[in-house]
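This one's a predicted model, so the numbers in the text were calculated from it and none came from an experiment.
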Amino acid sequence: MKIVIANDHAAVELKQIIASYVSGMGHEVINIGTDSDASCNYPEYGEKAANMVAAGEVDLGILICGTGVGISLAANKVHGIRCGVCSEPVTARLIRQHNNANMIAFGARIVGSELAKEIVKAFIESEFEGGRHQLRIDMITEVEKRQK
Ligand code: RB5
């Protein structure tokens, strides 16, 4: 798969670890996050990565900031993006299986690198189950359409 990864200054080290891990799994990683510790603004990175996912340029996206929340909020403003913040692998699996999440976010100040690898593995290796869950995904899309 082609996977975009983006991060702010709070997550440079963890991003590098996760990018290596994901490419070691055999995926193509596109790193668009900062590689500097200089303070920057996570919405810019969340939006850019989300636009790539929404446009179909990549299959999935991984977002990392201090908590995972800020960057996920920005990504979820892009139509077609379903990004969940996860601090453990069970949620990471379920957001794929039930919510058809196309992006995942987590916090470099919240999870350690080994747990982050498990989270990412669960997310990438799980598949959407469809069925009754599709109706709810369609309802989320309808919410987007009702927004101005
Ligand atoms: C940056 O200090 C921090 O606010 C950011 O990484 C993130 O945690 C926001 O949600």
Side-chain angles (χ1 to χ4, degrees), residues 1-16 18-19 21-23 25 27-111 115-116 118-148:
M1 275 195 279
K2 206 165 169 180
I3 299 176
V4 64
I5 185 163
N7 61 286
D8 72 358
H9 57 281
V12 174
E13 190 183 342
L14 184 57
K15 183 275 300 287
Q16 288 163 352
I18 293 301
Y21 177 69
V22 173
S23 66
M25 291 171 76
H27 300 291
E28 181 183 349
V29 174
I30 300 171
N31 170 27
I32 62 156
T34 182
D35 284 298
S36 160
D37 290 334
S39 184
C40 63
N41 301 313
Y42 57 79
E44 293 172 18
Y45 295 95
E47 180 182 10
K48 191 172 173 192
N51 280 333
M52 290 174 72
V53 173
E57 293 168 23
V58 293
D59 300 296
L60 294 173
I62 298 171
L63 301 173
I64 322 174
C65 64
T67 60
V69 174
I71 200 163
S72 74
L73 291 176
N76 275 316
K77 297 294 181 191
V78 174
H79 283 193
I81 294 304
R82 293 174 299 279
C83 179
V85 181
C86 297
S87 298
E88 38 69 33
V90 177
T91 307
R93 170 172 58 82
L94 287 169
I95 66 169
R96 288 287 299 133
Q97 291 178 335
H98 290 191
N99 310 121
N100 200 12
N102 45 19
M103 301 191 84
I104 190 169
F106 46 88
R109 295 172 179 160
I110 309 297
V111 299
L115 182 54
E118 291 300 315
I119 289 167
V120 164
K121 184 174 193 298
F123 179 70
I124 291 174
E125 293 187 346
S126 301
E127 288 182 13
F128 182 49
E129 291 176 352
R132 70 187 191 281
H133 302 297
Q134 185 59 54
L135 167 70
R136 295 155 188 166
I137 302 309
D138 292 343
M139 290 174 74
I140 293 171
T141 304
E142 291 303 317
V143 173
E144 284 179 346
K145 287 183 185 161
R146 286 195 289 275
Q147 304 305 301
K148 298 219 188 290

With rounding to the nearest 0.5 Å, note down the distance linking CD1 in I104 to CZ in R82.
-> 14.0 Å
Hey, does Q16 have a side-chain heavy atom less than 4.5 Å from the side chain of D35?
-> yes
Flag yes if more than 12 heavy atoms outside E127 fall under 6.0 Å of its CD atom; otherwise flag no.
-> no
side-chain contact (heavy atoms from CB on, under 4.5 Å) evaluation trace for N102 with N100 | CA-CA 6 Å; N102 45 19; N100 200 12; over 6 Å; no
Heavy-atom distance under 4.5 Å between the side chains of D8 and N41, does that happen here?
-> no
From CA spacing to verdict: side-chain contact (heavy atoms from CB on, under 4.5 Å), N51, E47 = CA-CA 6 Å; N51 280 333; E47 180 182 10; 3.6 Å; yes
Between atom CD of Q97 and atom OG of S126, what is the distance when rounded to the nearest 0.5 Å?
-> 5.0 Å
Closest approach of V111 and A116, non-hydrogen atoms and distance?
-> CG2-CB, 4.0 Å
dist N99:CG -> E129:CD (nearest 0.5 Å) comes out at 10.5 Å
Side chains of V22 and I5: does their closest heavy-atom pair fall under 4.5 Å?
-> no
Answer yes or no: is there a side-chain heavy-atom contact under 4.5 Å between I62 and I3?
-> yes
So how far is it from H98 NE2 to I137 CD1, rounded to the nearest 0.5 Å?
-> 10.5 Å
For the student: nearest non-hydrogen atoms of V85 and S72, plus distance | CG2-OG, 3.3 Å
What's the spacing between S87 OG and I110 CD1 if we round to 0.5 Å?
-> 6.5 Å
Determine whether F106 and T67 make a side-chain contact, defined as any pair of heavy atoms from C-beta on separated by less than 4.5 Å.
-> no
Are any of the side-chain heavy atoms of C65 and N7 separated by less than 4.5 Å?
-> no
Nearest heavy-atom pair of T34 and C40: which atoms, and what distance?
-> CG2-SG, 3.8 Å
What's the verdict on side-chain contact (heavy atoms from CB on, under 4.5 Å) for L60 and R96, showing C-alpha distance, side-chain angles and the deciding distance?
-> CA-CA 10 Å; L60 294 173; R96 288 287 299 133; 4.1 Å; yes
Test I124 against H27 for side-chain contact (heavy atoms from CB on, under 4.5 Å), laying out the working first.
-> CA-CA 10 Å; I124 291 174; H27 300 291; 3.4 Å; yes
Are there more than 12 heavy atoms of other residues, nucleotides or ligands under 6.0 Å from atom CD of E144?
-> yes
Check C83 against A75 and note the closest heavy-atom contact, atom names and distance.
-> CB-CB, 4.5 Å
Flag side-chain contact, heavy atom, 4.5 Å: M25 against E125 = yes
To the nearest 0.5 Å, atom NZ of K15 lies from atom CD1 of I18 at 11.5 Å
Sub-4.5 Å side-chain heavy-atom contact between V4 and I32 = yes
For F128 and H133 the tightest heavy-atom approach is CE1-CB, 3.6 Å
Check against salt bridge (Lys or Arg N to Asp or Glu O under 4.0 Å), E118 and K121 | CA-CA 5 Å; E118 291 300 315; K121 184 174 193 298; over 6 Å; no
Here the pair of heavy atoms bringing V58 nearest to K2 is CB-O, 3.5 Å
